[in-house]
Each structure stands twice: as C-alpha cells, then as structure tokens.
Amino acid sequence: MAFDLDMIKKVYDRYSTRVAAARKATGKPLTLTEKILYAHLSEGNAQKAFARGVDYVDFAPDRVAMQDATAQMALLQFMQAGRPKVAVPSTVHCDHLIQAKIGAEIDLNTAKDTNKEVYDFLASVSDKYGIGFWKPGAGIIHQVVLENYAFPGGMMIGTDSHTPNAGGLGMIAIGVGGADACDVMAGLPWELKFPKLIGVKLTGKLSGWSSAKDVILKVAGILTVKGGTGAIVEYFGEGAQSLSATGKGTICNMGAEIGATTSVFGYDEKAAIYLRGTKREEIAALADTIKEHLTGDAEVYANPEQYFDQVIEINLSELEPHVNGPFTPDLAWPISKFAAAVKENNWPATLEVGLIGSCTNSSYEDITRAASIAQQAVDKHLKTKAEFTITPGSEQVRYTVDRDGYLGTFAEMGGVVLANACGPCIGQWARHTDDPTRKNSIITSFNRNFAKRQDGNPNTHAFVASPEIVTAFAIAGDLTFNPLTDTLTNEQGQQVKLDEPQGLEMPIKGYAVEDAGYQAPAEDGSKVEVKVDPKSARLQLLDPFAAWEGTDLNGLKLLIKAKGKCTTDHISMAGPWLKFRGHLDNISNNMLIGAINYFNGLADSVKNELTGEYGPVPATQRDYKAHGIGTIVVGDENYGEGSSREHAAMEPRHLGVRAILVKSFARIHETNLKKQGMLGITFADPADYDKIQEDDSIDIKGLTSFAPGKQLTVVLHHKDGSTDSFAVNHTYNAQQIEWFKAGGALNIIRKQMAN
Ligand code: SF4
C-alpha cells in the first residue's frame with residue numbers, strides 16, 4: 001500500500017522552480033491553487049496557463065484513483081493502450097457495489113458473491129498493469145486515498161465526483177470520467193479549463209456542537225448547488241489552520257455539492273499531524289522543506305479580494321450547527337431555525353433513520369464525537385427512537401474505533417455497523433420499511449440528498465448534518481428537537497439534556513489495522529492473465545475500433561434526428577443499465593433510447609429504412625450494422641451535456657454510427673467522441689438542421705483533406721430525388737484528426753508503444 005515517495009520527491013523537486021517562474025511571469029503573488037496548478041502543467045502549456053481563465057490547459061496529474069463502478073470501462077479501455085504498466089501511480093477501490101442490508105459481514109459476503117466476476121477482473125487487471133487494488137471491505141475510495149495517498153501540493157484525478165476529499169491534505173484532486181483516467185494512465189496529458197478562484201476565509205474557532213461539516217453546509221447555503229461551477233475553492237485563514245486534516249477533507253469532499261471543480265486547504269501543522277499519524281512521516285518531512293509553497297502567498301491572504309474572483313468569510317466562533325435539505329444539499333438551516341422550518345413546510349417530523357459515516361464523515365474525530373453522544377443515550381437511559389447505522393470509511397478507521405470501544409458504544413445505543421463501503425450513500429441500501437408510500441424523513445452525515453438518492457423512494461425526505469447532530473436526532477427520533485437547547489424524556493420519565501460532543505482528532509494509541517484489504521500489483525505483470533469470462537453479461541474485453549477507411553463517408557442512413565435536449569442520460573441511460581458498464585455490447589442496448597425522434601415525437605422509435613418499420617434505436621442500428629451500412633445521428637443544441645460518461649461516445653461507435661451532426665456539442669462529450677475516433681461535426685448554419693429529412697441518404701465530403709479549421713460538406717439526397725448541400729464545422733486539431741484517422745486515440749498510443 002506504500003505511497004510513492006520517489007514520485008512525491010520529483011513533484012517537490014520541480015515545485016519551487018515552477019512557482020518562481022509563474023510568479024515572475026504573472027508579476028503577482030500566487031494563491032495556493034495557482035501554485036499547484038502551475039507546478040503540474042504539461043510541457044509547453046505555461047503561457048496559456050498564465051493568461052488565466054481563457055483556455056483549456058494540459059496538466060500532468062501525479063495519481064489516478066478509481067472506484068469499482070467507473071474503473072471497469074476505464075481499465076478495459078486502458079488495456080487497449082498496449083502499455084505494460086500504468087504511466088502514473090493508480091489505485092482501484094471496491095466500494096460502490098456493496099449493498100447494505102443486514103450488517104457488515106453478511107453484506108460484504110453477499111457482495112463478494114454477487115460481484116465476483118467484476119472483482120476478479122479488477123483484481124487481475126490491477127495486478128497486471130501495476131495498479132494498487134483495494135479489495136471489497138477495505139474502505140471507501142476517498143477515505144482510503146486520504147489515509148494513504150493524498151499529499152500536500154499534489155494533483156490527482158479520480159473517477160468519482162467526491163475525489164476533492166483529498167483537498168483536505170492540500171492536494172488538487174478532481175473528479176473525472178473513466179476516459180480521462182484512461183488517458184492519464186496511458187501517459188497522455190489531461191485537459192482542464194483554467195478555473196475561476198473562490199477564496200473562503202475562515203476566522204475564529206469551532207466549539208461545542210459545531211464541526212467542520214457545518215462549514216460546508218453553510219458554504220453550500222451561500223453558493224448553492226451551482227455557485228462553484230468552473231471554480232476551485234481555496235480555504236485559508238486562522239480558522240482553516242485550526243481544523244483537523246480530516247475535517248478539512250469533509251469540507252472539500254462536500255464541495256462537490258456546490259459544483260466546484262475541487263476545493264483545497266494549504267499545508268499546515270494539522271496536515272503534518274495527520275501525515276505523521278497515518279505513518280507518513282517522510283511526506284511531512286518533505287513537505288516541510290517547501291512549506292512556503294504549499295500555501296498561498298501572504299499578500300494574497302492579506303488582500304484576498306485582489307486575487308480571488310469571489311471571497312466569502314465565515315467566522316467559525318459564530319457558526320451554528322446546520323441541517324441541510326430536504327432534496328437538495330444547499331437548503332441550509334441553522335439548527336436554531338430548523339424546527340420551525342420542519343413545521344412550516346410540513347416535512348415529516350418523525351425521524352425514521354439516522355445514518356452516519358460515508359467517505360465524507362467517518363474520520364476518527366467524527367466517530368468519537370458521535371460516540372460521545374451515543375454514550376450519553378446509554379448513560380442517561382434514553383431509548384434511541386430512530387434506526388441508526390454507521391458506515392466506516394475504511395478498515396483502518398473501523399478497526400481502530402472498534403479497538404477503542406466506540407463501535408461497542410454504538411451497538412449499546414442500538415446502532416448497526418454496515419460494511420466499509422458506500423452502501424446507503426449511493427442507493428445501495430435495502431431499507432426495511434413497512435410502507436414506501438408514506439412521506440418519511442431520514443438524516444445522514446453524507447453529502448448528497450437528492451430525491452431517491454439513498455433508498456430509491458421519492459417520499460423520503462433526506463437531510464444532511466454532522467455525525468454528532470445525526471446521532472442526537474436518531475436518539476430523539478424527532479426533527480423538531482434542538483439538541484443544543486431542548487431536553488428529552490428518558491426511560492425513567494426524567495428530562496435530560498445532551499451535553500456537547502467531545503472527540504479526539506487522532507487516536508491516542510495510534511491507528512491500527514490487521515488487514516487493510518490492500519493487494520499490491522505484481523512486480524512483473526506480463527504473465528498475469530486478466531480474468532474475463534467470455535460468457536459474462538457484465539464484462540467484455542474491447543476490440544480496437546477500426547481505422548478510417550480513407551474515403552469520404554457516402555450513403556449514410558439517418559439513425560435519428562433528435563429533437564431538443566439530448567443529454568448523456570438520453571444517449572446512455574443510467575439506473576438499471578449501470579450493471580453493464582463493463583460490457584460495451586450489452587450496455588449499447590440503451591443507446592439513444594431516451595432521445596426524442598424529431599419525426600414522430602417518440603422516444604426509442606425510429607424508422608428502419610431497410611424495412612420501412614419503426615423500431616427501437618439500438619435494434620435499428622444493429623440491423624444497419626449487420627448490413628454494413630453506416631449511419632449518422634443528428635442532434636440539437638448542447639448535445640451530450642450532463643456527465644462525462646464515455647459510454648455515450650463508445651456505444652454509437654461500437655454499433656457503427658459514423659458521425660454525429662448537431663447544432664452544438666457539450667464540450668466533454670465532443671472530446672469523448674473525438675477520442676473514440678468518431679466524427680463529431682456541427683451545422684455551420686443551425687437552420688440547416690431543418691433540411692434533414694427522415695428518408696435521406698447522407699454524404700460527408702472533404703474527409704480526404706480533413707484539416708484543422710477547414711469546413712466539411714454534407715450532402716443530403718432526399719427521397720424525391722432532390723439534394724441539399726451545406727457546410728459543417730468541426731473543432732479537430734491536428735492531433736485529433738490523427739485520432740479520427742487511426743480509429744481512436746488509444747489506437748495511436750498502442751502503435752507508439754509497439755514501436
Ligand atoms: S460514500 Fe457516497 S459520496 Fe462517498 S464515494 Fe461512496 S457514494 Fe460517493
């Protein structure tokens with residue numbers, strides 16, 4: 001499980017020089033965010049980056065982390081690159097596929113059984129290509145990364161939206177799609193639009209019931225779910241330095257809920273304490289040697305308005321505990337106003353379940369503070385009214401808090417310990433309920449609370465708070481209870497009040513673990529066989545896509561002219577299809593089934609020109625493919641918006657669609673299409689969209705002289721014998737044109753590796 005000290009040394013070796021060059025070039029002091037970004041620019045990108053905010057810039061991240069659901073396609077693709085090993089240290093974490101039902105041990109065994117083929121694949125592919133593998137039960141990706149791999153001043157990408165958790169230890173850590181992870185593991189640069197900078201100045205010091213979680217609950221209330229879009233949030237000030245590293249991790253983790261690219265704190269004594277406490281003294285010692293670069297410049301923090309695009313100030317001494325929700329994480333209520341909000345809005349006041357833990361809030365500090373409340377329930381003869389569950393973030397935390405007696409305390413209070421996994425946080429929760437149609441309330445210390453997120457039930461009102469507040473509410477079973485001011489009636493009929501939580505930032509006896517659940521990769525993976533059952537419905541090895549045939553594309557059939565919004569969900573639906581995300585052919589049966597056909601206003605109903613019949617999009621496309629006929633998909637504005645899911649680009653490519661012609665693309669989807677060797681083009685005149693008819697035969701001309709900035713031509717042969725012809729634009733640069741010609745970016749890497 002060893003972190004890569006040599007890699008960190010290399011990063012730190014170049015760090016000071018890069019920061020000095022950036023300060024000189026920009027002529028100004030630098031924020032921490034700028035320093036880390038500048039220290040990770042790919043060669044030749046400095047000038048673009050110094051111009052700030054205007055362009056996409058190439059970076060060279062230090063690490064990749066993948067969770068089990070998204071890792072499957074990322075690694076299947078990586079196998080296409082022909083590399084013997086990953087280009088940067090990478091890890092896989094088995095956390096998302098474990099369903100919480102009964103309790104840790106039984107649930108974990110069930111998951112190992114149900115997901116055996118996926119785990120076997122991930123373990124063997126990791127072994128072969130030099131990737132660290134964290135087995136099911138080892139813990140949740142972000143907690144494991146914080147404990148083992150995050151380091152101040154580093155840059156990481158991860159195939160999960162809460163990757164920013166590592167910002168608690170001063171790392172720029174960004175959630176991406178599997179295609180990006182594949183690129184970085186294959187040695188390609190990683191592109192990011194230079195972000196806006198939001199500064200959050202923390203003054204004062206937390207006390208009593210208030211915790212780090214309340215900082216991000218408050219920030220979410222200020223910035224809303226969209227306020228951080230395109231921005232990196234940098235926390236600073238004496239208040240920041242007073243927070244534990246794990247508390248900072250909580251804040252950065254939940255920063256995903258304001259849409260931020262990521263969030264980050266500077267390196268300080270608390271970070272050093274955590275590094276030393278998690279047996280990484282060498283990293284703390286190295287970080288100390290360049291510590292002035294692992295935080296923003298003093299001039300920046302003295303006059304933040306001059307250097308950040310937006311500044312927020314929060315006084316921790318005045319910060320009340322918050323409860324956010326329901327249905328959105330930015331509906332922020334200070335605890336003093338929450339009971340009234342519950343009554344006014346007629347939210348169900350009876351609390352049915354309290355859930356603590358997850359990657360967001362399962363540190364030693366969190367657990368000990370929550371346990372101090374649980375202990376009071378026992379000592380003060382209070383009967384816990386709601387169900388209560390605990391999801392440890394890692395085996396190391398679970399083992400340590402068990403050793404120190406805290407899990408026993410929760411058990412006494414009536415709590416159930418779940419597996420070290422995502423479980424209820426991602427909807428992997430077989431919740432016991434007598435009536436799912438009843439409006440009901442739950443409260444969690446997780447980060448997301450959109451409708452149906454935890455239990456799939458639209459009637460569930462989910463609220464988010466700190467673990468100690470969740471524990472207090474679980475004991476009370478009543479959302480109109482204010483633990484700071486109210487009393488509860490105990491089993492002896494007495495009125496008792498809960499004292500303020502007490503916790504420990506770090507375990508006095510140190511962290512311990514018997515089996516952390518880590519499997520190191522083979523030194524030489526060349527003989528390791530990747531395990532994929534050819535009969536598997538969930539996994540399928542990929543074949544390289546075919547190269548371009550070297551001619552214009554003539555005689556294409558129109559598969560669908562999509563009308564209105566066509567997001568990645570319309571193109572490759574989630575939900576029940578997620579189980580096929582490692583099997584390209586099976587998941588392709590959802591291709592474009594959500595898109596609305598312009599000609600009949602229906603979803604998943606298009607005309608098959610070979611039969612004249614209307615049928616589902618995937619089946620129609622498979623028929624064209626079987627007859628060797630290429631097709632084209634036509635779309636509206638912002639085609640492919642939504643997630644970075646690469647399946648939305650891979651499915652049409654796999655099923656034989658040759659081009660996507662739209663009024664405009666969502667950028668990430670457009671890039672994904674290019675990477676897969678697909679032709680993505682836009683109408684030069686959006687009104688030409690109206691010229692496309694259902695029975696057209698379509699040519700795309702100009703590909704033999706395909707060049708950056710040079711338009712292509714589309715010719716429509718209508719059924720009545722008439723034709724239309726118009727220019728179309730593209731944004732392919734020279735390298736991307738090579739991807740198109742080779743049939744995909746990975747085909748090029750494979751060729752390079754073979755030479
Ligand atoms: S615990 Fe929840 S937020 Fe964290 S990685 Fe798992 S699903 Fe995502």
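Note that the coordinates shown come from a computational prediction; the quantities given were computed from them, not determined experimentally. Counting starts at 1 for both ligands and their atoms, in listed order.
Comparing G423, A69, C422 against atom 6 (Fe) of ligand 1, the shortest heavy-atom distance belongs to C422.
Contact annotation: D95 has no heavy atom less than 4.0 Å from any atom of ligand 1. Residue contact check for ligand 1: H96 places a non-hydrogen atom closer than 4.0 Å to it. Not a single heavy atom of E257 sits less than 4.0 Å from an atom of ligand 1.
Taking the side chain as every heavy atom from C-beta outward, L243 and L202 approach each other to under 4.5 Å. Within the 4.5 Å cutoff, no side-chain heavy atoms of V219 are placed close to those of S263. Counting only heavy atoms from C-beta outward, the side chains of D366 and T250 approach each other to under 4.5 Å.
Here H142 fails the criterion, with no N, O or S atom under 2.8 Å of atom 4 (Fe) of ligand 1.
Atom 4 (Fe) of ligand 1 has C359 SG, 2.2 Å as its closest protein atom, hydrogens excluded (heavy atom only). Of all protein heavy atoms, the one closest to atom 2 (Fe) of ligand 1 is C425 SG, 2.3 Å.
Surrounding NZ of K279 are more than 12 heavy atoms belonging to other residues, nucleotides or ligands, all under 6.0 Å away.
Set against the non-hydrogen atoms of N447, the atoms of ligand 1 under 4.0 Å away are 3 (S). In summary, the atoms of ligand 1 found under 4.0 Å from a heavy atom of H162, numbered by their order in the structure, are 3 (S), 8 (Fe).
Between the side chains of N148 and Y518, no donor-acceptor pair of N or O atoms lies under 3.5 Å.
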message: Test side chain to side chain contact (heavy atoms under 4.5 Å, CB included) on T246 and E505; report intermediate values, then the result.
response: CA-CA 8 Å; T246 51; E505 197 175 310; 5.5 Å; no
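Across E395 and N420, no two heavy atoms sit closer than the pair OE1-ND2, 2.9 Å.
Contacts of H93 with ligand 1, taken as heavy-atom pairs under 4.0 Å, are absent altogether.
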